[in-house]
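Read through the structure below, which is laid out as structure tokens, and then see the notes.
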Amino acid sequence: MASVYDGYVSRYVNRRISDPIAKLLARTKTTPNQISWAALGLAILSFLSFIYNWNIAGGLLAQLSSIIDGVDGSLARLKGMSSDFGGFLDSILDRYADILIMLGLTIWSVSNEVYPHIWLVGFLSVTGTLGISYSRARINAELRHYFDHGFLSLASRDIRLFIVMIGAIIGQGYFSLIVIGTLTHLVIISRLIFAYLHYRH
């Protein structure tokens, strides 16, 4: 049950796993908010894995957190438990999860790679990640759907965490951070230009 807000990875990869999980959980007393907390728990485990140099586990847990994050919305729809607070809670917990995963990947990269300015690259990845979320939240509701398609959607959360997983598995956290930092800020700049062109009329 893909959402119109799903990114490409979520639509074609994550939903193939998260939707069946949601259907199974719909038969239990599990609530969508509990799933939101579970996704954060997986992000914490990803962070801990990175700082203990278990990079493959860290990458896989980051991707699993992304998959489980898709369960709460599907579960809410299946059980008729959608709520404004649930959506708000999920958004807040996602931001904490994003920061933990990016920070963990940065710490692991600092301790295992010899490339320059890793902390700066990590900082750009964190700020870009938060900027992507904030720019979508702040755009007028009638324009928001433009951020869910094409280039303006290319730095969505599912894509970022998929990049984290790939980089962690192949041992290239530094280059993953560069890709995420560059892509997020390019999309943010594009969104600013888009907003300027629409708001000036």
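Residue numbers run from 1 in the order of the sequence given. Quick note: numbers below take in every heavy atom, side chains included, and nothing from hydrogens, waters or symmetry partners.
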Looking at side-chain heavy atoms only, is the closest gap between [X] and [Y] below 4.5 Å?
X	Y	result
Phe47	Ile99	no
Ile159	Tyr8	yes
Arg157	Leu161	yes
Leu24	Arg27	yes
Ile68	Ser18	no

Test item: [X] side-chain N/O and [Y] main-chain N/O as donor-acceptor pair under 3.5 Å:
X	Y	answer
Arg15	Gly70	yes
Arg136	Phe147	no
Asp158	Val9	yes
Thr106	Met102	yes
Ser65	Ala39	yes
Lys79	Pro32	no

Hydrophobic clusters here meaning ILVMFWY residues chained together by side-chain heavy-atom distances under 4.5 Å, can you tell me if Leu105 and Leu60 are in one?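 Per the 4.5 Å side-chain linkage, Leu105 and Leu60 are co-clustered.
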Going hydrophobic residue to hydrophobic residue with side-chain gaps under 4.5 angstrom, can you get from Leu48 over to Val110?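 Yes; tracing contacts between hydrophobic side chains, which count when under 4.5 Å, links both residues.
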Give, for atom [atom1] of [X] and atom [atom2] of [Y], the distance between the pair rounded to the nearest 0.5 Å.
X	Y	atom1	atom2	value
Ile44	Ile101	CD1	CD1	10.0 Å
Leu61	Ser49	CG	OG	5.0 Å
Thr30	Leu25	OG1	CG	5.0 Å
Gln34	Asp72	CD	CG	11.5 Å

Closest heavy-atom pair, Val71 versus Ile35, reported as atoms and distance to 0.1 Å, is CB-CG2, 3.8 Å
Identify the heavy atoms of Ser125 and Leu177 that sit nearest to each other, and give their distance.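 Closest pair (atom of Ser125, atom of Leu177, distance): OG-O, 2.8 Å.
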Can you list the residues that meet the side chain to side chain donor-acceptor pair (under 3.5 Å) rule with Ser133, with sequence neighbours excluded? Arg95
Aromatic rings Tyr115 and Tyr174: how do their planes relate, parallel, tilted or perpendicular, breaks at 30° and 60°? parallel
If the plane angle is over 60° it's perpendicular, under 30° parallel, otherwise tilted; pick one for Phe194 and His198.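 Judged by the thresholds at 30° and 60°, the geometry between Phe194 and His198 is tilted.
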Do other residues, nucleotides or ligands put more than 12 heavy atoms under 6.0 Å from the [atom1] atom of [X]?
X	atom1	answer
Phe162	CZ	no
Phe151	CZ	yes
Trp37	CH2	no
Asn140	CG	yes

Can you list the steps and then say if Ser153 with Asp148 is a side chain to side chain donor-acceptor pair (under 3.5 Å)? CA-CA 5 Å; Ser153 72; Asp148 300 320; over 6 Å; no
Checking Thr184 now: which residues fulfil side-chain contact (heavy atoms from CB on, under 4.5 Å) with it, not counting sequence neighbours?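 Here the qualifying residues are Ile132, Ala155, Arg160, Ile180.
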